[in-house]
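Report on one structure; see the data block that follows.
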Amino acid sequence: MGRDIIAEIITSIRNADMDRKRVVRIASTNITKNIVRILLQEGFLENVRKHRENNKNFFVLTLRHRRNRKRPDRKILNLKRISRPGLRIYSNYQGIPRIVGGMGVVILSTSRGIMTDREARLERIGGEILCYIW
């Protein structure tokens with residue numbers, strides 16, 4: 001049984017955010033590189049750098065935090081895995097959902113690579129819905 005790399009990324013970032021950790025280390029693959037690029041573009045991450053240790057590459061992500069979070073159960077970063085290995089969810093460009101009235105981001109895997117919902121609507125292509133971020 002293979003690993004679900006996307007679920008591992010999402011879980012690592014969500015856990016670090018809930019624990020108020022500033023830095024997360026995830027494995028470097030082509031999929032993670034594209035997802036991290038989108039998270040950095042959309043402003044969910046502050047900084048990304050590549051790190052090599054024991055002949056393995058990692059991304060070291062610096063999360064963006066708000067300073068005045070009062071309660072520990074209050075999260076600012078919500079991530080939800082949609083399509084998974086056991087159940088793939090596909091959508092055409094007209095059926096891509098809008099998260100939090102368009103304020104959230106849907107990450108899709110299309111024939112032209114991994115992109116956000118806004119880019120997919122502009123290019124008028126659909127694909128597999130990987131995850132929601134808001």
Side-chain angles (χ1 to χ4, degrees):
M1 187 168 176
R3 295 181 347 188
D4 187 6
I5 299 288
I6 299 168
E8 289 179 11
I9 297 167
I10 290 172
T11 303
S12 297
I13 293 172
R14 185 186 311 120
N15 289 344
D17 185 54
M18 286 172 53
D19 232 15
R20 293 186 183 178
K21 295 196 183 213
R22 191 140 172 91
V23 177
V24 182
R25 192 173 104 171
I26 60 172
S28 173
T29 64
N30 286 333
I31 294 172
T32 58
K33 180 176 75 170
N34 290 323
I35 291 175
V36 165
R37 176 187 53 83
I38 289 172
L39 289 172
L40 187 63
Q41 234 176 12
E42 296 293 326
F44 293 109
L45 298 177
E46 196 171 296
N47 190 13
V48 177
R49 60 179 202 268
K50 207 166 188 179
H51 182 67
R52 187 175 176 90
E53 186 176 301
N54 298 334
N55 293 330
K56 292 185 181 181
N57 292 324
F58 295 97
F59 285 119
V60 178
L61 312 176
T62 306
L63 299 178
R64 180 161 295 192
H65 287 291
R66 292 187 186 157
R67 291 186 181 168
N68 52 358
R69 286 199 327 193
K70 295 182 174 129
R71 293 182 288 159
D73 60 328
R74 191 169 167 195
K75 300 180 283 187
I76 62 160
L77 187 60
N78 293 300
L79 298 112
K80 184 177 181 187
R81 177 80 157 116
I82 302 302
S83 187
R84 50 193 170 87
L87 178 64
R88 303 286 185 184
I89 306 293
Y90 296 95
S91 176
N92 60 8
Y93 76 94
Q94 296 158 332
I96 298 171
R98 294 186 189 274
I99 306 304
V100 192
M103 297 299 289
V105 178
V106 177
I107 297 180
L108 295 132
S109 176
T110 67
S111 58
R112 296 186 191 156
I114 295 176
M115 61 178 62
T116 65
D117 57 334
R118 289 182 214 104
E119 294 169 347
R121 282 190 197 99
L122 283 174
E123 293 188 24
R124 304 186 118 205
I125 55 174
E128 180 184 355
I129 299 175
L130 298 178
C131 61
Y132 298 155
I133 304 166
W134 71 95

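- Side-chain atoms of R121 and R98, non-hydrogen and from C-beta on, do get closer than 4.5 Å to each other.
- The pair E53-R25 counts as a salt bridge, with a side-chain nitrogen and a carboxylate oxygen less than 4.0 angstrom apart.
- You'll find the side chain of S28 reaches within 4.5 Å of the side chain of K50, heavy atoms only.
- Minimum interatomic distance between L40 and L45 (heavy atoms only, all atoms of both residues): CD1-O, 3.5 Å.
- Here the side chains of L61 and I13 are in contact, with some heavy-atom distance below 4.5 Å.
- At a threshold of 4.0 Å, the pair E119-R112 does not count as salt-bridged, since none of the basic side-chain nitrogens sits closer than that to a carboxylate oxygen.
- You'll find the side chain of V36 reaches within 4.5 Å of the side chain of I26, heavy atoms only.
- In terms of heavy-atom proximity, A16 sits nearest to L63 at CB-CD1, 3.9 Å.
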Q: Take T32 and I5 through the test side chain to side chain contact (heavy atoms under 4.5 Å, CB included) and record every step on the way to the result.
A: CA-CA 8 Å; T32 58; I5 299 288; 3.6 Å; yes
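- Just one of S83, S109, S91 meets the side-chain hydrogen bond (donor to acceptor under 3.5 Å, both in side chains) condition when paired with E128; it is S83.
- Judged by distance alone, with hydrogens and angles left aside, the side-chain atoms of R81 form no donor-acceptor pair with the main-chain N or O of I6 at under 3.5 Å.
- For the pair V105 and Y132, the minimum side-chain heavy-atom distance is 4.5 Å or more.
- Between E42 and R64 there is no salt bridge, since no side-chain nitrogen of the basic residue lies less than 4.0 Å from a carboxylate oxygen of the acidic one.
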